[in-house]
Amino acid sequence: MKLKSTLLGAAAAIALASSALAGSHEAQGRDGQLNIIYWQAASILNPYLSGGNKDIDASALVLEPLARYDENGNMVAWLAEDIPTVENGGVAEDLTSITWTLKEGLVWSDGTPVTSADVVFTANYCMNEEGGCQQLAGFADIGSVEALDDRSVKITFTKPKPFPYSALVGSTMPILQQEQFKDCVGVNAPNCTAENFGPIGTGPFMVEEFKANDTVVYVANPNYRDGGKPAFGRVTFKGGGDAASAARSVLETGEFDYAWNLQVDPTVLAQMAAAGKGTVVSAFGTGVERLMVNLTNPDPALGDKRSTLEGGPHPFLTDPAVRRALSLAIDRNLLAEVGYGEAGKATCNVVPAPAIYVSTANDECLVQDIAKANAILDEAGWMPGPDGIRQKDGVRLSILYQTSTNAVRQDTQALVKQWWSEIGVETELKNIDAAVFFGGDQSSPDTFQKFYADIEMYTNLFDGTDPEAYMGSWVCSEIPSPANNWLGSNMPRYCNPEYDALAEKLATTAALEDRAAIVKQMNDMLMQEGAMIPLVHRGSVSAHANSLEGVRLNVWDSQMWNVADWSRAK
Amino acid sequence: MLNYTLRRLMFSVPVLLFISFIIFLILDLAPSDPTGNLPLTIPPEVREKIRTSLGLDAPMWVRYLLWCKQFFINEPLNIWDQWRGTCSFNCEDRLRVVSYVTRSPVVDLIVERMPQTLWVVGMSYVVGILIAIPIGVISAYKQYSVFDQAGTFISMVGFSVPPFFSGVLVIVIFSVQLGWFPSIYDTTLEVVDWETFKMQVKQMIMPVMVLALQTTAQISRFMRASMLDNLNQDYVRTARAKGLKESVVLLVHVLRNSLIPVVTVIALGVPAVFGGAIITEQVFKVNGIGQLLIIGIQGGDAPLVQTLTFIFAVMIVFANLIADILYGILDPRIRYD
Amino acid sequence: MTDTSEITEEKARSQWADVWSQFRSHRGAMIGASFFIFICLLVIFGPMLWPIEPNFIDIRAKNQGPSLAHPFGTDQLGRDTFAQVLAGGRVSLLVGVTAMGLALFLGTFIGVLAGYFKRLDSPLMRLTDLFLALPILPLLLVIIMLFRDTLRAAFGPETGIFLLVVFVIGITSWMHTARIVRGDVLSLKEQEFVLAARSIGTPSHRMILRHILPNVMSPIMVSATLGIATAIITESAISFLGLGFPSDFPTWGRLLSDSTNFMTLNPERVIWPGLAISLTVLSVNYIGDGLRDALDPRIRGR
């Protein structure tokens with residue numbers, strides 16, 4: 001309450017001053033109310049304490065980073081004056097430091113100036129060991145962050161960083177106000193409810209009311225640096241329900257102006273869009289729905305050694321012929337069409353974007369070829385048994401195929417099961433609640449890290465445009481096992497010294513073309529050695545009312561990145 | 001009766017403590033994880049740090065005792081302080097029960113959601129009962145009449161159609177096709193004048209309708225069965241033989257006796273009102289207690305689920321106590337001592 | 001009254017024959033029973049006669065309306081809805097009836113014991129409180145995590161999960177029956193005929209079986225009809241959350257929830273499973289009505 005009234009007081013005082021300034025522009029807030037619906041509600045407005053997209057997007061109306069990505073994946077300076085590079089001297093020649101300079105005259109929504117101290121504070125806030133900061137990965141290898149003067153900040157790395165733009169770039173790592181959060185560092189971070197629910201930012205809007213897991217109400221920031229923006233005076237950011245009803249509220253009833261992440265059956269979505277009240281938009285990022293192939297043996301009889309390197313190789317998935325046949329039997333175009341519609345494209349790569357990283361060496365799998373898959377299995381000596389299931393030396397091609405609970409994934413499972421049955425492979429399906437499947441509970445047998453199945457399916461992606469950390473997921477040391485408490489991201493248990501060597505080489509290469517060549521090589525290695533079977537390159541689908549202008553769907557950053565430019569059609 | 005009530009009240013303290021422990025045990029055993037819903041771009045080591053910062057590395061009994069201290073000592077003290085505007089027993093350092101996901105006090109979240117849940121779920125319960133009792137009475141009195149058959153049919157269909165379906169159905173009809181009511185509940189609406197009151201009524205009609213259908217179906221069945229049992233009793237014949245008016249026989253004698261089992265059903269349903277309606281709240285985006293609970297469960301938010309379920313348990317224990325006392329009042333033959 | 005032949009004839013008929021003749025005279029009950037048997041036969045033998053496999057995907061025929069080849073239309077993957085409803089009925093009916101039976105047995109048993117024996121009342125009712133207060137979803141997660149793999153290994157994926165689902169639904173839905181039965185028993189216990197029976201030294205077990213149970217039949221019957229619907233719906237919720245049957249295993253509840261979003265596109269998909277559930281519940285309700293009347297000696301013979 002206190003926070004709200006001070007904000008309002010400040011707003012009233014400044015509104016007078018700024019209206020005089022903005023005389024030549026059109027008035028801020030001229031288009032009234034904007035309604036946004038996210039079927040997952042925002043639970044906190046501090047991205048450092050919650051990495052969920054819903055929370056990041058809800059805070060992106062208020063908080064802004066130094067630089068961010070535009071809808072084409074290009075980095076644009078946001079609070080910074082420009083993007084530091086080696087050429088303009090912002091990045092040190094030896095790649096061990098980067099210096100950011102803030103724009104001139106930036107002010108917080110309470111009217112106080114934004115200084116380099118705020119930037120330094122934000123970095124230290126996240127790097128505090130006890131705070132449980134969720135964006136810690138972005139601050140990896142940082143030795144120190146120091147203010148050079150009121151507007152410049154120097155970040156020094158502990159080793160050369162060919163890609164120095166991870167920290168404080170993108171909507172996941174915006175700048176917090178030191179004055180507001182100074183008592184919220186470390187163990188105190190979670191206790192600052194008022195601060196986490198109502199951060200003071202530099203963005204186009206300010207939080208007026210926040211109901212956790214329900215609704216956020218924003219009002220225009222009178223101190224916003226761009227006069228006349230935002231066009232909307234108030235924003236309601238409603239959460240809850242499911243994707244289909246969110247789509248309905250924009251496309252059919254017109255109650256809302258913007259709906260996010262509409263994972264709805266494409267036919268149903270098309271029917272809703274036919275009502276003519278709104279438009280469906282989609283864009284592609286780096287997400288790929290893929291099958292992870294377990295290269296170790298998940299046999300329950302192995303007890304503790306189940307799905308570990310010690311438990312031995314998988315009885316049949318280690319045979320390249322089997323993996324190739326499984327991949328060839330899948331009609332990826334159909335999967336994309338049935339499950340994702342406009343937001344899905346068949347892919348044979350685990351790195352599907354940006355364009356310079358995309359390999360074309362694996363495109364064989366784009367076309368389904370059941371006959372060829374059968375021939376490959378015949379050749380490899382897998383012959384149909386009396387029950388129609390192929391077998392060799394007493395090993396039957398029987399697969400346990402697990403994924404998280406999600407209507408589209410279950411449809412995909414059903415289709416894949418049918419295709420595999422056509423090449424004589426038996427499939428048992430299993431779906432697990434997402435909170436359990438993606439959770440890291442040590443005692444649960446159903447997590448994706450333990451991988452007590454032969455095949456598992458989910459989507460993974462990387463933030464921003466640099467895949468270095470992502471490609472590092474499949475080195476030997478990342479294999480989950482009891483020894484590292486199953487913490488690790490190498491689900492297929494793929495281990496190849498050559499791959500590890502490439503990963504190390506990538507970490508020290510600076511030139512973009514060279515990096516791209518290495519990433520392609522790593523991608524092809526993973527694909528051709530069958531550690532995973534990519535299925536669909538997944539995009540984001542959102543919908544906006546026909547009367548809403550200025551939406552540029554961005555998959556590299558928050559979908560709210562340019563909310564200041566949104567306006568109502570006249 | 002007073003003696004009995006006091007004894008039951010005293011006995012409920014250890015029972016509730018035991019229940020709180022069992023709930024904690026179940027939540028601890030359950031495989032959900034608070035970092036499970038985070039994007040996969042957050043690496044496993046960072047997840048481990050997040051878990052540590054939430055205190056999940058402490059042994060189970062330590063976390064249980066901590067919750068007990070926070071819930072049974074700190075929260076009441078906090079209520080006292082807020083009420084008196086004081087700061088007793090160094091309130092600055094007092095740790096309240098804090099949600100893993102929103103990092104805010106759980107009790108505040110619950111209080112924030114009470115209004116919409118009470119409005120929608122509570123209203124539907126009242127409406128449901130008010131419709132169900134007359135239907136049950138008439139159905140039983142005119143057994144196998146057209147009214148009875150129609151009532152049976154509608155209530156059975158009403159009961160067997162789950163709200164995830166009926167909710168979407170009414171939205172498609174009344175919001176999309178007819179455009180009468182909003183499909184999304186606005187929790188920020190404050191009723192200040194006639195206009196906002198009308199909006200509140202409009203946005204409540206559909207969820208209340210869907211929920212009341214379930215309540216009506218259930219209670220009218222019990223009411224009808226109970227009435228039928230009593231209509232054949234000897235005392236009814238006696239009353240009629242005495243020349244009492246039929247309405248008196250029916251409404252005073254039979255109804256009162258038939259209400260006994262129905263009162264249990266009604267009393268047992270009251271805690272469920274505060275528990276919210278998970279699916280209906282989701283469908284209409286009412287975002288009340290039910291939605292809070294399901295988000296907590298899906299997100300592995302143990303303090304939130306523990307606190308909510310425990311408050312729920314307290315209400316169940318008291319609702320049962322009230323039902324038992326009502327028994328004694330409605331049926332003097334029942335003696336507890 | 002003095003007609004001896006009639007008396008002897010009545011004596012010759014057993015109690016159950018009496019119940020049956022009363023049941024038969026109840027028109028609603030007979031319609032309900034025949035419909036229920038019809039549905040049972042249909043789901044048992046239907047899948048053998050209908051040529052299309054429920055899980056066969058014919059993607060070219062997706063989202064079709066009713067036709068001769070697909071009388072109930074097809075779903076978004078081109079699976080035949082009729083075949084799915086038939087196959088789903090097997091599971092749903094079996095789960096509904098067994099889970100309801102388990103819940104009813106537990107509820108009646110605990111309710112009667114608590115109501116009849118004063119010493120057991122308090123502990124049993126607190127146990128009921130405990131079960132009412134348990135958070136069902138986390139409890140499900142725990143039970144399934146602990147037992148799914150064991151049961152799957154012992155009975156195979158389908159039977160194992162069937163047992164698990166029935167157990168879970170049964171164990172979490174007996175409490176209302178118990179509370180209601182106990183309430184009725186409490187007031188029955190004070191009635192004259194019970195006092196009379198007790199005064200001639202009737203032992204407790206016979207007392208419960210002969211005098212108490214028949215008189216609490218009506219709330220039990222209501223619980224049974226509502227219970228079967230709840231069990232079918234709960235099963236769909238459990239499967240929906242990924243905790244029950246595998247996703248390629250159709251049940252009525254799952255068919256209904258999966259097709260909700262297709263309501264405007266393809267209404268047949270929603271109507272049939274919804275109708276199947278409603279009509280089953282309705283028929284069980286009428287059977288329950290008839291049974292209650294037939295078992296009540298005061299109504300019988302009227």
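The figures here come from the full heavy-atom set of this structure, side chains too, leaving out hydrogens, waters and symmetry mates. Proteins come first, then strands; the chains are lettered A, B, ... in the order of their sequence lines, and each starts at number 1.
Relative orientation of the B/W67 and B/F72 rings is perpendicular, given thresholds of 30° and 60° on the angle between their planes. Using a 30° and 60° split on the angle between ring planes, A/F237 and A/Y38 fall in the tilted class, from 30° to 60°. Below 30°, between 30° and 60°, or above 60°: for A/W474 and A/Y470 the angle between ring planes is above 60°, a perpendicular geometry.
A/S489 is linked by a side chain to side chain donor-acceptor pair (under 3.5 Å) to A/E478, counting only residues two or more places apart in sequence or in another chain. Applying the side chain to side chain contact (heavy atoms under 4.5 Å, CB included) rule to B/P76 yields no partners; only residues at least two apart in sequence or on another chain are considered.
Contact tally against chain A (heavy-atom pairs below 4.5 Å) for B/I171, B/I184, B/V46, B/I50: the top residue is B/I184. By number of non-hydrogen pairs under 4.5 angstrom with chain B, the leading residue of A/I44, A/D214, A/D242 is A/D214. Ranked by heavy-atom pairs shorter than 4.5 Å toward chain A, the options B/V101, B/V283, B/L109, B/V172 are led by B/V101. Per-residue heavy-atom pair counts under 4.5 Å with chain B were compared for A/D55, A/N46, A/D446, A/N460, and the maximum is reached by A/N460. Annotation: maximal heavy-atom pairing with chain A below 4.5 Å, among B/S175, B/P182, B/G179, occurs at B/P182.
Of the two parts of A/T459, only the backbone, made up of N, CA, C and O, holds a non-hydrogen atom closer than 4.5 Å to a non-hydrogen atom of chain B. Looking at A/I37, only its side chain comes within 4.5 Å of chain B, counting heavy atoms on both sides. Only the side chain of A/F448 comes within contact range of chain B, with at least one heavy atom under 4.5 Å from a heavy atom of that chain. Contact of A/K238 with chain B is made through the side chain alone, with heavy-atom distances under 4.5 Å. Contact annotation for A/Q134: both backbone and side-chain heavy atoms come within less than 4.5 Å of a heavy atom of chain B. With a 4.5 Å cut-off on non-hydrogen atoms, B/L56 does not touch chain A at all.
To the nearest 0.5 Å, the span separating OH on A/Y48 from CD1 on A/I56 amounts to 10.0 Å.
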Only pairs under 3.5 Å count here: list side-chain donor-acceptor contacts from residues 21-29 of chain B, not counting sequence neighbours, and write none if there are none.
from, atom 1, to, atom 2, distance (Å)
B/D28, OD1, B/R63, NH1, 3.1
B/D28, OD1, B/R63, NH2, 3.1

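Using a 4.0 Å cut-off between charged side-chain N and carboxylate O, B/E75 and B/R96 make a salt bridge. The residues A/E289 and A/R538 are annotated as salt-bridged, a charged nitrogen and a carboxylate oxygen being separated by less than 4.0 angstrom.
Using a 4.5 Å heavy-atom cut-off against chain A, the contacting residues of residues 186-200 of chain B are B/T187, B/T188.
For B/M123, the CE atom sits in a loose shell: 12 or fewer heavy atoms of surrounding residues, nucleotides or ligands are nearer than 6.0 Å.
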(Q) A/S43 vs A/K54, test: side-chain hydrogen bond (donor to acceptor under 3.5 Å, both in side chains). Steps then yes/no. (A) CA-CA 8 Å; A/S43 44; A/K54 59 204 173 75; 3.2 Å; yes
